[in-house]
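Have a look at the structure below before the remarks.
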Amino acid sequence: MNKQEDIDSLIERMKAKGNLTSDHVEKAIRRAPRHLFVPDDEVERAYLDLPLSIGHGQTVSQPSVVAKMTEYLEVKEGDRVLEIGTGSGWQSAVLSDVVGESGKVYTVELVDDLAEKARKKLRDVGKENVHVFVGDGSWGLGEYAPYDGIICTAVSPRIQDEWIDQLKVGGRIVCPVSGAVLHNLVVVEKTDENSVETIRKERGYRFVELKGEKGF
Ligand code: SAM
């Protein structure tokens, strides 16, 4: 496996399909070595545009979906982000680069074994601005709120009220929400203390389910 060639070709394919359009997210993906976040038996497939199994019935999302969700979140250097569903830690690693050393990524995972592995991998690749918590992210993470952006990496029955409460005015939530057949990727923006506006709703996605008290 020639990793540099594989990364270049993945980036080119995502750009050609319009799934990766910004330089800052391209740079963040290049600096988050996906092969270090997947299980050993998936390393060869790390730079294919596929979701891959990470154990416990969970997956690391496919790169083009991570690229899009990161772009839709519109966070920048210095921002504080909440991720619900740490999984492998790869999406957190991408966000870590986008918010930079002056920003922070708080990420919550329900399965403690996944959280533990992700914490170690993030430490190994030097993503020191990422803080991994074990818990039920369907309630958000009130302790460190407010956030400039919230991203949920599992399909939720709805955009939870607690997430909206924990978001700053002007911030966005990016979250797959269950639809009639497949899932809709929904982006909302908090317009004032009590309301959000839907910016985008794209059909045809498939995510693992958000569990926990307010999940499925
Ligand atoms: N962002 C991840 C990555 O880069 O690997 C993808 C994660 S996977 C698609 C979704 C994750 O959400 C799973 O690891 C699952 O255990 C987690 N999850 C499901 N329900 C949750 C909940 N209520 N709170 C926190 N994590 C949850």
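Source: prediction; values computed, not measured. Each ligand, and each atom within it, is numbered from 1 in the order the structure gives.
- Heavy atoms of other residues, nucleotides or ligands lying less than 6.0 angstrom from CG of Asp41 number more than 12.
- In this structure, Glu209 has a heavy atom closer than 4.0 Å to ligand 1.
- For Lys211, the salt bridge (Lys or Arg N to Asp or Glu O under 4.0 Å) partners at least two apart in sequence or on another chain are Glu209.
- Heavy atoms of Gly135 approach ligand 1 to within less than 4.0 angstrom.
- The shortest N or O to N or O distance between Ser61 and ligand 1 is not under 3.5 Å.
- Interface atoms of ligand 1 facing Glu83, defined by a heavy-atom separation under 4.0 Å, are 1 (N).
- Open room surrounds CD on Glu128; 12 or fewer heavy atoms of other groups in view lie less than 6.0 Å from it.
- Backbone and side-chain nitrogen or oxygen atoms of Ile54 are examined, and none is located within less than 3.5 angstrom of a nitrogen or oxygen of ligand 1.
- Salt-bridge annotation for Glu202 and Lys68: present, with a side-chain N of the basic residue lying under 4.0 Å from a carboxylate O of the acidic one.
- For a threshold of 3.5 Å applied to N or O pairs, the pair formed by Leu110 and ligand 1 contains at least one separation below that value.
- The shell of residues lying under 4.0 angstrom from ligand 1, judged by heavy atoms, excludes Glu213.
- Distance from atom 20 (N) of ligand 1 to its nearest protein heavy atom, with residue and atom name: Lys211 N, 2.9 Å.
- Heavy-atom separations between Thr86 and ligand 1 include at least one value shorter than 4.0 Å.
- Taking a cut-off of under 4.0 Å to the non-hydrogen atoms of Gln91, the atoms of ligand 1 that pass are 1 (N), 4 (O).
- The 12-atom threshold is exceeded at CG of Asp192, counting heavy atoms of other residues, nucleotides or ligands nearer than 6.0 Å.
- Salt-bridge check for Asp148 with Arg80: failed, with every basic side-chain N at 4.0 Å or more from each acidic carboxylate O.
- The residues Arg119 and Glu116 are annotated as salt-bridged, a charged nitrogen and a carboxylate oxygen being separated by less than 4.0 angstrom.
- Protein heavy atom closest to atom 21 (C) of ligand 1, with residue, atom name and distance, is Leu210 CD1, 3.7 Å.
- Side chains of Tyr147 and Lys104: no donor on one and acceptor on the other come within 3.5 Å.
- Counting heavy atoms only, Thr59 comes closest to atom 7 (C) of ligand 1 of the residues Val60, Leu52, Thr59.
- Considering Arg34, Glu109, Met69, Gln160 only, the shortest heavy-atom separation from atom 16 (O) of ligand 1 involves Glu109.
- Against a heavy-atom cut-off of under 4.0 Å, Ser88 is close to the following atoms of ligand 1: 3 (C), 4 (O), 5 (O).
- The distance from ligand 1 to the heavy atoms of Val111 drops below 4.0 Å at these ligand atoms: 16 (O).
- A cation-pi contact links Arg200 to Tyr72, judged by a cut-off of 6.0 Å to the six-membered ring centre and 45° from its axis.
- Glu83 and Ser92 are linked by a side-chain donor-acceptor pair at a separation below 3.5 angstrom, with hydrogens and angles left out of the test.
- For ligand 1, the atoms lying closer than 4.0 Å to a non-hydrogen atom of Leu114 are 14 (O).
- At a threshold of 4.0 Å, the pair Arg30-Asp8 counts as salt-bridged, since one of the basic side-chain nitrogens sits closer than that to a carboxylate oxygen.
- Applying the 4.0 Å criterion to heavy atoms of Gly137 picks out, from ligand 1, the atoms 22 (C), 23 (N), 24 (N), 25 (C).
- Residues Glu71 and Thr21 have side chains that bring a donor and an acceptor to within less than 3.5 angstrom of each other.
- If you look at Gln58 next to ligand 1, the close heavy atoms, those under 4.0 Å, all belong to the side chain.
- Those atoms of ligand 1 with a heavy atom of Ser138 less than 4.0 angstrom away are 23 (N).
- Taking both residues in full, the closest heavy atoms of Cys152 and Leu210 are given as SG-CD1, 4.0 Å, listed atom of the first, atom of the second, then distance.
- In terms of polar-atom proximity, defined here as any N/O pair under 3.5 Å, Gly85 does make such a contact with ligand 1.
- Of all the atoms in ligand 1, the ones that sit under 4.0 Å from a non-hydrogen atom of Val208 are 8 (S), 9 (C), 10 (C).
- Look at Gly215 and you'll find every heavy atom at least 4.0 Å from all atoms of ligand 1.
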